[in-house]
Amino acid sequence: MQSKINLLGLPLEQLKLKFLEIGLCALDAKRVFPWIHVKSARSFDVMSDLPQKIRKILGEKCSIDRPERVVLQKSLDGTQKALLKFEDCNHIETVLIPEENRNTICISSQIGCAIGCKFCYTGTQNFIRNLSSSEIMSQIFFWKDSLEGSITNIVFMGMGEPLLNYENLSNALELLLNNKAHNFSKNKITVSTSGIIGESFNDFAKFGVKLAISLHASSDEKRSLMMPINKKYDIETILKAAKKYLKNSNTDYITFEYLLLKNINDSSIDAQNLAKILHKIPCKVNLILFNKWPGSIFQESSMEKANKFSHILLSRGIRTIIRKSRGNDILAACGQLKSYA
Ligand code: SAH
Ligand code: SF4
């Protein structure tokens with residue numbers, strides 16, 4: 001039996017084409033679209049303005065099913081992590097971080113990751129495949145279904161490198177930003193990249209969402225040790241691309257993520273160098289303390305070191321925060337996601 005086509009990740013134009021392929025018309029697609037994205041319909045049967053005959057065809061050939069939730073873990077701090085299973089039996093993890101006034105969800109873009117950063121648990125898992133745009137969007141639907149309030153912020157900081165799955169990422173962004181679909185504002189969505197600033201990076205600026213770059217070091221020597229991808233896209237190239245992004249995307253600043261690893265990149269000299277290379281780039285620095293995982297070789301910097309590092313950046317006029325880690329106890333924090341097929 002041929003598997004049904006999942007519609008959750010199809011922007012309207014693609015939905016129309018798909019409908020034409022299965023013998024329906026563009027107008028049907030226009031009717032179905034808000035049912036999926038605004039009303040969060042979970043079956044075609046509830047789409048009351050569609051003739052019964054069309055609902056039947058849709059039920060036979062298409063689906064708006066969410067992935068199966070295999071495990072849901074709740075952290076002491078309220079963070080939730082779900083292990084979701086897709087049709088081909090591959091799994092991913094996705095995270096909800098509830099705070100007083102907001103609900104942030106952390107989305108995965110790939111199964112595993114090919115970049116292989118030394119400090120990241122996901123990086124120890126082989127790259128299996130990209131998620132389809134429907135699988136990316138299904139994580140939004142999954143949390144939307146389970147939440148009483150609404151999702152306020154979306155970060156692409158889960159498993160995988162979003163800019164290496166650009167086509168599907170861009171379909172998802174199109175749906176999230178579309179005011180006839182999920183209607184998120186640009187500044188509520190953040191895409192984090194390890195610095196994949198190839199061809200698609202130029203196109204990506206058109207969405208105008210917030211960009212976070214995982215910099216983690218202020219010299220190529222150190223960065224290459226932590227992130228082998230630095231041999232392809234080095235710091236100078238990344239900073240040049242970041243400036244271009246600011247211009248083309250019309251965003252106010254770039255966030256640079258800087259993971260503090262004990263005795264590796266957390267000295268005062270590291271901080272001074274970082275301030276030097278970020279000088280003149282409108283940016284914020286998020287200092288991240290290392291989240292341990294089974295088998296990790298690094299150690300986290302002390303809070304004292306982190307504060308000192310932060311003060312050096314602040315004193316040089318760089319907006320800096322030390323990012324609070326959430327969900328460490330259930331391995332739901334940055335760099336702790338891993339799924340098993
Ligand atoms: N692949 C993208 C997005 C996912 S990772 C990227 O690398 O940017 C999200 C953030 O978590 C990145 O800044 C990443 O460097 C950081 N991270 C990875 N492993 C970590 C760990 N063990 N502790 C803390 N942060 C980590
Ligand atoms: Fe991949 Fe990001 Fe982890 Fe690096 S930090 S291995 S790019 S998920």
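Ligands are counted one by one from 1 in listed order, and the atoms in each one are counted from 1 as well.
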Sub-4.0 Å heavy-atom contact, Trp293 with ligand 1: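 Within the 4.0 Å threshold, so yes.
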Min heavy-atom dist Gly158 to ligand 1 below 4.0 Å: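 Yes; Gly158 lies near enough to ligand 1 that a heavy-atom distance drops under 4.0 Å.
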Applying a 4.0 Å heavy-atom criterion (strictly less than), which segment of [X] is in contact with ligand 1: side chain, backbone, both, or neither?
{"X": "His216", "answer": "side chain"}
{"X": "Ile213", "answer": "neither"}
{"X": "Ile115", "answer": "neither"}
{"X": "Tyr121", "answer": "neither"}

is_close_aromatic(Phe119, Phe290), centroid dist under 6.0 Å: no
From Glu161, Met159, Met157 - option closest to atom 9 (C) of ligand 1 by heavy atom: Met157
Lys39 atom NZ, neighbour heavy-atom count above 12 within 6.0 Å: yes
Would [X] count as being in polar contact with ligand 1, using the rule that some N or O on each side must be under 3.5 angstrom apart?
{"X": "Phe119", "value": "yes"}
{"X": "Asn291", "value": "yes"}
{"X": "Gly160", "value": "yes"}

For Glu135, all residues meeting salt bridge (Lys or Arg N to Asp or Glu O under 4.0 Å), sequence neighbours excluded: Arg129
All salt bridge (Lys or Arg N to Asp or Glu O under 4.0 Å) counterparts of Lys222, not counting sequence neighbours: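 By the salt bridge (Lys or Arg N to Asp or Glu O under 4.0 Å) rule, Lys222 matches Asp270.
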Nearest-0.5 Å distance that lies between atom OG in Ser301 and atom CG in Leu287: 9.5 Å
Contacts of Asp329 that satisfy side chain to side chain donor-acceptor pair (under 3.5 Å) - sequence neighbours left out: Ser75
Any donor-acceptor pair under 3.5 Å from Lys305 side chain to Lys262 backbone: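 Such a contact is absent between Lys305 side chain and Lys262 backbone.
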Identity and distance of the protein heavy atom lying nearest atom 21 (C) of ligand 1: Cys334 O, 3.4 Å
Metal environment of atom 3 (Fe) of ligand 2, protein N/O/S under 2.8 Å: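 For atom 3 (Fe) of ligand 2, the protein N, O and S atoms that sit under 2.8 Å away are Cys120 SG.
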Whether Phe184 and His182 hold their rings parallel, tilted or perpendicular, with breakpoints at 30° and 60°: parallel
